[in-house]
There are 2 protein chains.
Amino acid sequence: MILDQKDSKFEVNHQCPYMLFHFKDQFPELEPFLEKYRSYQQRLDVGAKTILLEEGKVSGQYVFIEKGCVRLFFNNDGLDKTVQFFFEHEGLTSLESFVGNVPSAFTIETIEPSVIYLLPKKYVIELIDDLSREPQFFKMIMSIFAQRQSHYINEFVSFIRDTPEQRYLKLLTDRPHIIQRVAQHYIASYLGVSTVHLSRIKSKLAKGNAHF
Amino acid sequence: MILDQKDSKFEVNHQCPYMLFHFKDQFPELEPFLEKYRSYQQRLDVGAKTILLEEGKVSGQYVFIEKGCVRLFFNNDGLDKTVQFFFEHEGLTSLESFVGNVPSAFTIETIEPSVIYLLPKKYVIELIDDLSREPQFFKMIMSIFAQRQSHYINEFVSFIRDTPEQRYLKLLTDRPHIIQRVAQHYIASYLGVSTVHLSRIKSKLAKGNAHF
DNA sequence: CAGGAACGATAACATTTGTTATCAAGTTTA
DNA sequence: TAAACTTGATAACAAATGTTATCGTTCCTG
């Protein structure tokens, strides 16, 4: 199944896709501002492998995950390459597409049966406009961006520094829920290795840990 | 030679290290705001391999390159791993360290004789404070962050998608000045391969292009 | 319930990449 | 200027990783 349709334009040059939910978690004092926009969200109860935004389409919705799991990926020579996983209470969109009204380089797809909320872009603009009058707003925006940027730098540095095995171990340590919930071939492409090699890595680690 | 000393605290949770110069290039109407702070910068005329910020130290300066070339790297098991190169009219700092007052994970070092300007953190704070009253400011900040985030996502995705040879070719196409000016072993570590392998890649490409 | 698809393990082999060592040319420095 | 260091190329070998194929299991779907 494929969802998401084009929407109104988004003139302001800001990018803040994670906003609604970071707000909720990190800045509870702004709850009243969010309440109004919750009602504009469209609730979806969908199965696994539902496409929320298709590569090449312009993103017109901000996606919030209430339940389930979603991945961001792109197609390369016919093969999926997963960029990131998202879970309960996280929000996402295809950033460049959402901000710049350009075709998305990525597809967004559920990988579990999920409950999703979509907020059309025009309400995101309205919300930002409302919030920008709040003194706390600037600080929030910065905090959110700092986290995002830090995340991507770390992902990038990990490829320069670590072997695939080390990246797998780090994932196991830092974000074990990903390994528990996500199919292995998605994780392989996220780690930048073939499915066969990830299988080898796991098998090697299992042997090393077998003390019985 | 090693420079940069600790400085005053930086309470505001914003991160915007590239500010002064993006402002200048992209938002010329704000030139008057910047003029004042130019005079607070410390000018340095230094040789190659001058360390502007040492791994483990807290960054207290924002670095602007007037002339020359700088790299951001970290040490991994005794080996340098280069994360990024910076050239004329670019600004940088060790982001997390500058913002969070924590030890820097990276070293900043000139790789050519360079003319550098350093702006102490307290003036950066003051500058942001001044500017935050400007209506254009929010847009600027967002634009700068969007560019940064997009850059790091692309770097990261490139490791998932491309072979080292493809990454080298992309560098050759998109940012040839890097290959022209930067020593090959720095480029190798930036591409995530050994110096020997980068040499092999070049040699293979040279053979493929030899039509004489 | 049956058939097919999706998923993961494994083997065998090919290719890529790393490691170590050597050499030559260019740079820096005492 | 001579010695020492830096840089880059190359060879030989080792290790890591990809590719293709097979198999068994699970899961989905009609």
Could you check whether B:R181 makes a cation-pi contact with B:F87, meaning its NZ or CZ is under 6.0 Å from the centre of the six-membered ring and within 45° of the ring axis?
no

So, does A:T195 get its side chain near the phosphate of C:dC7, meaning an N or O under 4.0 Å from OP1 or OP2?
no

Closest of C:dG18, C:dA9, D:dA9 to the B:S199 side chain is D:dA9

Give the angle between the helix axes at the two ends of the helix from C:dC1-D:dG30 to C:dA30-D:dT1, taking five base pairs at each end and rounding to 10°.
50°

What is the distance, rounded to the nearest whole Å, between atom CD1 of B:I179 and atom C1' of D:dT7?
16 Å

For the pair made of CG in B:D77 and P in C:dT19, what is the distance, rounded to whole Å?
10 Å

Any base atoms under 4.0 Å from A:V193, or only sugar-phosphate, or nothing? Heavy atoms, all strands.
sugar-phosphate

Of the nucleotides C:dC7, D:dT6, D:dT10, which has the atom closest to the A:Y186 side chain?
C:dC7

If we check salt bridge (charged side-chain N to carboxylate O under 4.0 Å, His left out) with B:E155, which of these qualifies: B:K170, B:R148, B:R167, B:R175?
B:R175

Between D:dA11, C:dC7, D:dT7, which one does the side chain of B:A183 approach most closely?
D:dT7

Plane angle bin for B:Y152 and A:F156 - parallel if under 30°, tilted between 30 and 60°, otherwise perpendicular:
tilted

d(NZ, A:K204; P, C:dG8) in whole Å
21 Å

So do the side chains of A:T110 and A:I65 get within less than 4.5 Å of each other, counting heavy atoms only?
no

Do any side-chain nitrogens or oxygens of B:H185 fall under 4.0 Å of OP1 or OP2 in D:dG8?
yes

Would you state whether a donor and an acceptor, one from the side chain of A:R200 and one from the base of C:dG8, lie under 3.5 Å apart?
no

Between B:F159 and A:F159, does the ring centre distance come in under 6.0 Å?
yes

For C:dT16, take OP1 and OP2 only and decide whether either is under 4.0 Å from a side-chain N or O of B:T163.
no

For B:K202 and D:dA9, is the shortest distance between a side-chain N/O and OP1 or OP2 below 4.0 Å?
yes

May I have the distance from B:Y168 (atom OH) to C:dT17 (atom P), rounded to whole angstrom?
15 Å

Would you please confirm or rule out a distance under 4.0 Å between OP1 or OP2 of C:dA9 and any side-chain N or O of A:Q184?
yes

Quick check for you: to the nearest 0.5 Å, what is the distance between A:T82 atom OG1 and B:I160 atom CD1?
8.0 Å

Enter the distance from A:Q84:CD to A:R71:CZ here, rounded to the nearest 0.5 Å.
13.0 Å

Name the closest nucleotide to the B:V196 side chain, picking from C:dT20, C:dT10, D:dT7.
C:dT20

